[in-house]
Structure formats: C-alpha cells, structure tokens
Amino acid sequence: MLLEERMQAFLARRKANKALRTVKRHEHLIDFCSNDYLSLAQSPILQKKAAEISAQLPLGSTGSRLLTGHYELLETLEDKIAEFHQGEAALVFNAGYNANLGLLSAIPRRSDVILYDELVHASIHDGIRLSPARSSVFAHNNTSALEQLLQEHQGKTIFVLVESIYSMDGDAAPLKTIQALCQKYQAYLVVDEAHSTGICGHYGEGLCVETGIHKEVFARIYTFGKAMGGHGAAVVGSKVLKDYLLNYARPLIYTTALSPHSTHHILEAYRLLEKKGADYIKELKERIDYFRSLLSPQIQAHYINSLSPIQCLLTPGNEAVLELSQQLAAKGYDVRPIRMPTVAAGKERIRICLHRHNALPEIKTLVESINLFHSAL
C-alpha cells in the first residue's frame with residue numbers, strides 16, 4: 001500500500017467513527033468554547049498597550065535563547081512571573097507543550113520513576129515518552145492509589161505529575177493531600193497550572209499559591225494561551241532548575257525564542273492582573289455560579305462537577321455529542337464536542353467554557369437550549 005493510501009485509510013476510519021478532526025471558523029457564534037476565561041485576548045487595555053509599543057519592538061527574536069533570542073524584556077517578564085507566582089525563578093518557553101516536553105525529557109533519569117494522574121494533558125504524556133524513566137499511572141484524583149505507588153517505589157527518585165485544574169473535566173486536584181504524600185515519601189511534585197493561571201488565587205496566581213503549597217512544589221508550569229489571553233508558557237521553580245533547563249531542555253535550546261511582541265503582551269497582562277485580577281476573577285465566578293444554578297436536575301445527572309470555567313456535560317458517543325454541538329451552533333452558540341479519542345469511549349462530552357465577556361442572558365439561553373436538546377437525545 002502506498003503511503004498516501006495508508007494515510008487515507010486512517011482518515012476514513014476516523015470519519016466512520018465521527019472522530020475526524022477539522023479546523024472551523026465560528027466568528028459569528030457566541031463564544032462558549034475558547035480558553036479566554038478572563039477575556040484578556042480582547043482586552044482594550046492590552047490592545048492599547050500593544051499599539052503603543054509595537055513600532056519600538058523588533059518583529060522577531062531572531063534566534064534561540066542561547067544565541068540572539070535573549071533580550072532585556074524577556075528577563076523582565078521572567079522576573080515578573082517569578083514574583084507574581086511567588087517562586088524563586090521562572091523560565092519562559094514558547095508554549096505549555098514545549099515546557100512540559102522540555103521539563104520531563106530533561107529532568108528524570110533512567111533509574112527514576114514518574115507517577116502521573118490518568119487525565120494529565122497530552123503534552124505530559126509525550127514528555128513522559130521522551131524520558132528514560134519508568135512510569136506508572138494512577139486513577140484520577142485517587143490519592144490512595146497514588147500512595148500505594150509511592151510505597152512501591154520508595155528509595156527511588158520519584159516525580160508526581162498532576163494538573164491543578166483538569167482541561168477536559170474542569171475539576172481540581174486535591175493538591176494539599178498530594179503534596180503531603182509527596183513530602184511523606186520524599187517525592188518531587190510537578191503541577192501543570194495551565195487552567196488555573198489567572199483563575200485561582202487572589203489575583204490569579206494559580207491553585208498552588210491559593211492552597212499554600214507553592215513553596216513545596218518542585219516545578220510549576222504556567223501557560224499564557226488561556227486566561228492570560230496570549231501565547232507562551234513558563235516553568236517556575238528554583239534557580240538551579242532554571243539553569244539546568246537552560247542547559248538540557250531541548251525544546252528551549254533548539255527553538256527560536258518568543259517574539260518581543262508576545263513577551264510585551266504577557267508582561268502587560270501580568271501587570272493588569274496585579275491591578276484588576278481580583279475583580280476579574282469575581283466577575284468570572286459570578287458567571288460560573290449563575291450557569292450552575294440554571295442546570296435542570298436531569299442535566300445535573302450528566303454533569304461533571306466543576307467550580308472552574310470549564311463545565312462539561314457527558315453525552316456518550318461521538319455521533320450524539322456531535323449532534324448536540326451542531327444543534328447548539330444552529331442556535332448561535334460555539335460549544336465544541338469532545339470526542340473519542342481525545343477522551344475515553346463513553347466519556348464524550350460537550351465542553352462549555354465560561355468567560356467574563358459572556359452576558360448573563362447569553363448564559364441563560366444557552367442553558368435552556370442544553371436542557372432542551374440534551375434531554376431529547
């Protein structure tokens with residue numbers, strides 16, 4: 001079979017399973033899909049800041065961090081990130097994916113062990129594959145299962161990998177309990193804070209700071225493409241960790257550095273959170289509470305309990321969840337289906353993301369449509 005014929009066969013299989021991925025434009029629909037939780041991607045304040053500085057900045061960084069891609073504004077951003085998230089040092093990567101790949105491929109050694117929650121992000125799974133360390137999975141948020149694995153691997157260097165807020169369920173990790181277990185068994189905790197950045201904490205410092213465990217976490221990953229409304233990511237940890245990653249994290253070493261425009265945008269987003277983060281988070285939580293209050297008892301039985309902006313309704317089967325999302329799109333709402341293989345078969349769901357920019361009447365009519373359409377499936 002020729003290569004293109006083989007690829008066509010795989011695509012045909014995806015299409016038959018209602019799982020074929022395509023890119024679509026939905027500018028005419030009301031946004032209940034994007035990760036722009038705090039509406040910073042469309043912030044007039046940040047747009048004005050970007051316009052004011054645009055002509056003064058070069059268009060590109062021109063090289064990797066270790067060549068010509070290191071510049072003063074990037075140092076300023078890393079200092080701000082470390083200060084804001086109450087860490088010793090921060091190292092900026094081009095994306096959260098790169099940060100997880102760089103961290104996990106560089107740190108664990110062959111004699112080490114990685115323990116990870118079954119629902120961690122694909123970038124963490126790929127980082128684990130690049131690591132020579134052994135790995136074991138534990139059931140989602142099951143601290144008893146985690147402790148059993150920690151006991152089995154006592155005496156080794158152990159890394160425990162979790163997310164603070166899980167991207168496909170929207171629920172939170174029991175971070176205090178997990179950190180206590182890591183301390184008990186001398187394991188190193190790594191927390192991906194992608195979906196708690198800007199959302200948790202008084203100003204958006206993340207769930208590790210909110211729960212007070214941040215000083216005991218080996219590495220925290222903060223991404224800027226969600227609530228921060230921009231692009232890029234950072235690993236926050238010790239100065240030694242930063243220096244080590246600068247020397248051994250291949251996705252950083254061999255990648256052109258983040259552009260000055262992106263760096264400036266993120267720096268201004270952090271400065272904005274320092275001033276208005278508490279108010280923005282309050283407005284967002286009001287919308288989350290309002291959404292939850294409108295769900296019918298029948299729908300709540302299919303609802304994944306979450307206090308985050310990510311609200312999911314289980315709709316098993318690729319065909320059923322695709323039909324529901326299409327019905328909602330016909331009503332003017334951009335709500336995307338999450339299908340197998342992104343989630344396990346039988347766990348398909350519509351994933352609703354709430355934002356500061358969602359008006360209460362929009363939320364009300366969305367939930368009314370969900371209550372109607374979901375019940376009819």
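Just so it is clear, the values below take in all heavy atoms, side chains as well, and ignore hydrogens, waters and symmetry mates. We're numbering straight along the sequence, starting at 1. These numbers were taken from a predicted model, which means no experiment stands behind them.
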First locate atom CZ of Phe84, then atom CG of Leu267, and finally report the distance between them rounded to the nearest 0.5 Å. 12.0 Å
So if you build clusters from Ile, Leu, Val, Met, Phe, Trp, Tyr with side-chain heavy-atom gaps below 4.5 Å, do Ile370 and Ile288 land together? yes
Output yes when Arg356 and Glu283 qualify as a salt bridge under the 4.0 Å nitrogen-oxygen rule, no when they do not. yes
Distance in Å, Lys282 NZ paired with Arg287 CZ, rounded so as to fall on 0.5 Å steps: 10.0 Å
Would you check if the side chain of Ser54 reaches a backbone N or O of Ala51 as a donor-acceptor pair within less than 3.5 Å? no
With the 4.5 Å side-chain cut-off for hydrophobic clustering, are Ile352 and Leu322 part of the same group? no
Are Glu210 and Glu205 close enough that some pair of their side-chain heavy atoms sits under 4.5 Å apart? no
Transitive ILVMFWY cluster of Leu59, excluding itself - 4.5 Å side-chain cut-off: none
Minimum side-chain heavy-atom gap Val321-Ile338 below 4.5 Å: no
Side chains of Tyr333 and Glu362: is there a donor and an acceptor less than 3.5 Å apart? no
Quick one about Arg110 and Ser131 (side-chain donor to acceptor, distance below 3.5 Å, no hydrogens or angles considered), yes or no? no
If you look at every heavy atom in Val217 and Cys208, which pair is closest and at what distance? CG2-SG, 4.1 Å
Could you tell me the separation between the CD atom of Glu348 and the SG atom of Cys312, rounded to the nearest 0.5 Å? 12.5 Å
Has Arg292 got more than 12 heavy atoms of other residues, nucleotides or ligands less than 6.0 Å from its CZ? yes
Side-chain heavy-atom pair Val235, Phe93 within 4.5 angstrom cut-off: yes
Going by atom types only, do His140 and Asp171 share a side-chain donor-acceptor pair under 3.5 Å? yes
Does the Asn100 side chain pair with the main chain of Ser123, one donor and one acceptor, at a distance under 3.5 Å? no
Side-chain heavy atoms of Leu77 within contact of Leu73, under 4.5 Å: no
Before accepting this row, confirm whether a basic side-chain N of the pair Arg129/Asp126 lies closer than 4.0 Å to the acidic partner's carboxylate O. yes
Quick one, Lys285 with Asp289, criterion salt bridge (charged side-chain N to carboxylate O under 4.0 Å, His left out). Give me CA distance, side-chain angles, the key distance, then yes/no. CA-CA 6 Å; Lys285 287 183 175 178; Asp289 292 342; over 6 Å; no
Quick one: does Asp36's side chain have a donor or acceptor within less than 3.5 Å of a partner on Leu40's backbone? yes
Using 0.5 Å steps for rounding, measure from the CZ atom of Phe159 to the CD1 atom of Ile107. 6.5 Å
Same apolar cluster (I L V M F W Y, side chains within < 4.5 Å links), Val191/Tyr188: yes
Using modelled atom types only, decide if a donor and an acceptor are shared between the side chain of Asn142 and the backbone of Phe138 within a distance under 3.5 Å. no
To the nearest 0.5 Å, atom CD of Gln186 lies from atom SG of Cys182 at 11.5 Å
For His214 and Gln86, which I'm curious about, is there any donor-acceptor pair between the side chains at under 3.5 Å? yes
Between His355 and Ser34, does any side-chain donor sit less than 3.5 Å from a side-chain acceptor? yes
When you measure from the side chain of His264 to the backbone N and O of Ile53, does any donor-acceptor pair fall under 3.5 Å? no
Look at atom CZ of Phe218 and say whether more than 12 heavy atoms of other residues, nucleotides or ligands are closer to it than 6.0 Å. yes
Would you please test Phe32 and Arg336 for side-chain contact (heavy atoms from CB on, under 4.5 Å) and show each step? CA-CA 8 Å; Phe32 283 101; Arg336 304 295 176 91; over 6 Å; no
No-hydrogen, no-angle side-chain donor-acceptor test under 3.5 Å, Asn17 and Asn318: no
Do the side chain of Arg109 and the main chain of Pro132 share a donor and acceptor less than 3.5 angstrom apart? no
Looking at His231 and Leu258, what are the two nearest heavy atoms and their distance? CD2-CD1, 3.7 Å
Do the side chains of Met168 and Arg351 get nearer than 4.5 Å, heavy atoms only? yes
Do Tyr166 and His121 come close enough that some side-chain heavy atom pair is under 4.5 Å? no
Using the rule given for side chain to side chain donor-acceptor pair (under 3.5 Å), can you reason through Gln154 versus Tyr185, listing the C-alpha separation, both sets of side-chain angles and the distance that settles it, and then say yes or no? CA-CA 7 Å; Gln154 280 190 83; Tyr185 293 97; 5.5 Å; no
Looking at every non-hydrogen atom in both residues, tell me the closest pair between Ser61 and Ala257 and how far apart they are. OG-O, 2.7 Å
Taking CD in Glu72 as the centre, count heavy atoms belonging to other residues, nucleotides or ligands within less than 6.0 Å. Is the count above 12? no
Between Thr315 and Leu313, is there a donor-acceptor pair closer than 3.5 Å when you use the side chain of the first and the backbone of the second? yes
Could you check whether atom CD of Gln148 has more than 12 heavy atoms from other residues, nucleotides or ligands sitting under 6.0 Å from it? no
Can you find a side-chain donor-acceptor pair between Ser196 and Glu193 that sits under 3.5 Å? yes
By side-chain hydrogen bond (donor to acceptor under 3.5 Å, both in side chains), which residues pair with Lys242, not counting sequence neighbours? Glu78
Less than 3.5 Å apart, any donor N or O on the side chain of Glu274 or Tyr203 sitting next to an acceptor on the other? no
Greater than 12 external heavy atoms within 6.0 Å of Glu319's CD: no
Under the 3.5 angstrom rule, does the side chain of Arg250 hit a backbone N or O of Tyr248 as a donor-acceptor pair? no
Stacked cation flag Arg13 on Phe10, 6.0 angstrom / 45 deg: yes
Side-chain donor-acceptor contact under 3.5 Å, Tyr222 with Arg220: yes
Of all the heavy-atom pairs spanning Ala233 and Gly96, show the shortest one and how long it is. CB-N, 3.4 Å
Just by distance, with hydrogens left out, do Tyr37 and His357 show a side-chain donor and acceptor under 3.5 Å apart? no
Under 3.5 Å, side chain of Asn141 to main-chain N/O of Ala172, donor-acceptor pair present? yes
For Asp31 and Asn358, run side chain to side chain donor-acceptor pair (under 3.5 Å): C-alpha distance rounded to whole Å, both residues' side-chain angles, the deciding distance at 0.1 Å, then the answer. CA-CA 8 Å; Asp31 177 19; Asn358 291 135; 5.9 Å; no
Between the side chains of Ser136 and Tyr116, is a donor N or O closer than 3.5 angstrom to an acceptor N or O? no
To the nearest 0.5 angstrom, please state how far the CG atom of Asp279 sits from the CG atom of Leu38. 11.5 Å
Distance-only polar pair, side chains of Thr256 and Ser64, donor-acceptor under 3.5 Å: no
Test item: side-chain donor near acceptor, Glu83 and Tyr270, under 3.5 Å: no
Any luck finding a side-chain donor-acceptor pair between Ser259 and His261 under 3.5 Å? no
Using the test side chain to side chain contact (heavy atoms under 4.5 Å, CB included), find all partners of Ser308 that sit at least two apart in sequence or belong to another chain. Ile165, Ser306, Ile310
For Glu368, does the CD atom sit with more than 12 other heavy atoms under 6.0 Å from it, leaving out its own atoms? yes
For Leu74, is there any backbone N or O sitting under 3.5 Å from a side-chain donor or acceptor partner on Thr263? no
